[in-house]
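The first residue in the sequence is number 1, and the count goes up from there. Indexing begins at 1, ligand by ligand and atom by atom, following the structure's order.
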Amino acid sequence: MTEAPAFPQARTCPYEPPTGYDPLREGESLRRVTLFDGRQVWVVTKHAQARALLSDPRVSADRRRDGFPFISPRVANLRDRRPTLLSMDQPEHGPRRRMLIPEFTARRLKEMRPRIEQIVHDALDAMLTKGPPADLVADFSLPVPSLVICELLGVPYADHEFFQDASRRLIQSETSEETAAAADSLKDYFQALAAEPPPGMIARLIDDHLESGHLDADEFTSTAMLLLVAGHETTASVISLGVITLLDHPEQLAALRSGPQAAAGAVEELLRYLSIVDIMSRVAAEDIEIDGTVIRAGEGIVFGSSLANRDENAFAEPDSFDITRPATHHLSFGYGIHQCLGQNLARTELQIALPALFERIPALKLAVEVGELTLRGPATIQGVNELPVTW
Ligand code: HEM
């Protein structure tokens with residue numbers, strides 16, 4: 001067994017953690033891993049300790065701090081960019097997050113529900129009219145959350161080819177130059193949009209916060225970028241990988257079909273099982289003792305949600321996929337002050353999209369073997385860029 005295995009590693013199955021993580025699942029809750037640049041940092045392998053550290057104010061998300069663990073050259077390139085909510089600590093974080101909350105309240109979500117249902121059924125109508133085969137990512141998984149977040153933000157969906165491509169390059173480019181070019185193109189796009197914003201959250205942020213000086217132009221564009229990218233690639237991945245997982249577990253798919261009450265449980269279990277945002281990165285701002293281990297100030301800490309979400313102390317038989325289990329305490333939306341702002345929007349989209357897909361296309365199946373799919377590499381949102389299906 002390697003003393004400090006490489007982290008992150010590539011998956012070989014779309015819904016299972018990398019097999020190279022197996023040795024990390026045994027033993028202590030904090031282990032050493034080696035990042036791409038040869039640095040060794042802590043990885044938190046257990047659920048309780050991950051929750052404790054993610055909500056500990058001595059643990060910083062500020063990527064400009066010495067010792068912050070970058071998990072790829074792509075992410076390292078973002079170091080000197082304007083921090084977004086994701087990389088702010090208190091006291092900066094709270095007021096910034098509060099600016100974004102009005103669009104994510106339970107009331108707003110309830111109002112959005114009929115429109116989300118319509119978006120889902122329109123996408124399915126188009127798929128059925130075109131007939132099999134289809135690329136589920138291009139025809140369903142991506143357009144549904146993309147349209148929802150565009151309408152919420154007030155971004156013209158007509159520009160989707162541009163921003164879907166730029167977001168994908170932002171989260172998947174191999175080189176720093178390509179990542180920077182993708183970020184710059186999105187920044188220019190939002191700067192231009194700000195001159196005459198359509199109705200939506202962007203226009204509201206301009207009226208409420210940009211004009212009054214609570215947000216400057218740079219922070220405004222980085223916030224808009226964060227919302228756009230976070231709002232569609234993530235949910236899209238859960239739809240695509242969720243379909244693969246359900247088709248591979250027919251008895252669970254049958255349980256999902258048993259009625260609307262099954263959908264909420266299925267979505268939580270898929271979120272747990274898939275752990276698509278498999279890495280959160282932090283740095284210790286002070287010495288922290290946990291479980292008999294001392295993390296020194298300036299040491300990097302990474303959290304693998306696929307490790308914590310498969311911790312047998314938190315989930316019985318964690319490697320079995322069971323949509324009836326209680327799974328809501330999974331860490332797939334993170335934990336602590338950075339816990340996902342869009343989690344209830346994502347849940348609503350998934351609870352509508354997955355049952356509707358299997359109801360409208362009951363004979364849906366993959367058009368290739370799971371082993372033939374090209375999986376995204378490590379160090380990004382886990383998923384597939386194409387998913388050939390037929391019926
Ligand atoms: C299934 C879909 C999604 C998953 C799995 C997911 C996952 C996550 C995770 C793990 C974090 C915390 C990262 C960290 O602590 O380092 C996060 C934060 C965030 N997410 Fe999501 N997300 C999803 C959908 C969305 C949607 C639809 C939006 C809507 C715009 C969104 C917006 C955000 C924002 C703004 C943050 C930063 C919150 C903060 O720092 O206070 N996410 N998400």
Novice: What do you reckon, does Thr234 have a nitrogen or oxygen under 3.5 Å from a nitrogen or oxygen of ligand 1?
Specialist: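 No - when backbone and side-chain N and O of Thr234 are compared with those of ligand 1, no distance drops under 3.5 Å.
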Novice: Run the ring-centre check on His47 versus His330 and record whether the distance is less than 6.0 Å.
Specialist: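 Centroid distance His47-His330: not below 6.0 Å, so no.
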Novice: Indicate, as side chain, backbone, both or neither, the part of Thr84 found under 4.0 angstrom from ligand 1 when only non-hydrogen atoms are considered.
Specialist: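 Within the 4.0 Å criterion, Thr84 makes no contact with ligand 1.
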Novice: Does the N or O separation between Gln343 and ligand 1 drop below 3.5 Å for any pair?
Specialist: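 No; every N/O pair is 3.5 Å or more apart.
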Novice: Where on Val238 is there a heavy atom closer than 4.0 Å to ligand 1, on the side chain, on the backbone, on both, or on neither?
Specialist: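 For Val238, only side-chain atoms sit under 4.0 Å from ligand 1.
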Novice: For ligand 1, does Leu271 get within less than 4.0 Å through its side chain, its backbone, both, or neither, judged by non-hydrogen atoms?
Specialist: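 Under 4.0 Å from ligand 1, Leu271 contributes side-chain atoms alone.
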Novice: Any luck finding a side-chain donor-acceptor pair between Asp322 and Thr324 under 3.5 Å?
Specialist: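 Yes, Thr324 and Asp322 have a side-chain donor paired with an acceptor closer than 3.5 Å.
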Novice: For ligand 1, does Met88 get within less than 4.0 Å through its side chain, its backbone, both, or neither, judged by non-hydrogen atoms?
Specialist: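 For Met88, no heavy atom sits under 4.0 Å from ligand 1.
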Novice: Please write down residue, atom name and distance for the protein heavy atom closest to atom 36 (C) of ligand 1.
Specialist: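 Ranking protein heavy atoms by distance from atom 36 (C) of ligand 1, first comes Leu341 N, 4.1 Å.
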Novice: Please say yes or no: joined through hydrophobic side-chain contacts below 4.5 Å, possibly via intermediate residues, are Leu307 and Ile381 part of one cluster?
Specialist: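 The answer is no; the residues belong to distinct hydrophobic clusters.
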Novice: Examine Leu86 and Phe70 and state if one hydrophobic cluster contains both, with Ile, Leu, Val, Met, Phe, Trp and Tyr joined whenever side-chain heavy atoms are less than 4.5 Å apart.
Specialist: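 No, it is not one cluster - the side chains of Leu86 and Phe70 are not joined through contacts under 4.5 Å.
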Novice: Would one find an N or O of Ser332, backbone or side chain, under 3.5 Å from an N or O of ligand 1?
Specialist: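 Such a contact does not occur with ligand 1.
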Novice: Please indicate whether any nitrogen or oxygen in Gln339 is less than 3.5 Å from any nitrogen or oxygen in ligand 1.
Specialist: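 So ligand 1 has no N or O lying under 3.5 Å from an N or O of Gln339.
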Novice: Do Arg325 and Phe315 meet the cation-pi criteria used here (NZ or CZ under 6.0 Å from the six-membered ring centre, within 45° of the axis)?
Specialist: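 The answer is no, since Arg325 fails at least one limit relative to Phe315.
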Novice: Would you say Phe68 and Val59 are hydrophobically clustered, going by side-chain heavy atoms of ILVMFWY under 4.5 Å?
Specialist: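 Per the 4.5 Å side-chain linkage, Phe68 and Val59 are not co-clustered.
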Novice: If you measure from atom 8 (C) of ligand 1 to every heavy atom of Gly336, Gly242, Cys340, Gly342, which option wins on shortest distance?
Specialist: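 Comparing heavy atoms across Gly336, Gly242, Cys340, Gly342, the nearest one to atom 8 (C) of ligand 1 lies in Cys340.
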Novice: Using a 4.0 Å heavy-atom cut-off, say whether His338 meets ligand 1 through its side chain, its backbone, both or neither.
Specialist: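 Both parts.
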Novice: Could you check atom 13 (C) of ligand 1 against the protein and tell me its nearest heavy-atom contact, residue, atom and distance included?
Specialist: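 Heavy-atom neighbour on the protein nearest atom 13 (C) of ligand 1: Leu86 CD2, 3.6 Å.
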Novice: Looking at Tyr273, I'd like to know if the NZ or CZ of Arg310 sits under 6.0 Å from its six-membered ring centre while staying within 45 degrees of the ring's axis.
Specialist: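 Satisfied, under 6.0 Å and within 45°.
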Novice: Within 45° of the ring axis of Trp42 and under 6.0 Å from its six-membered ring centre, is that where the NZ or CZ of Arg31 lies?
Specialist: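 Judged by the rule, Arg31 and Trp42 form no cation-pi pair.
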Novice: Using a 4.0 Å heavy-atom cut-off, which part of Arg96 comes near ligand 1: side chain, backbone, both, or neither?
Specialist: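 For Arg96, there is no contact with ligand 1 at all, from either part.
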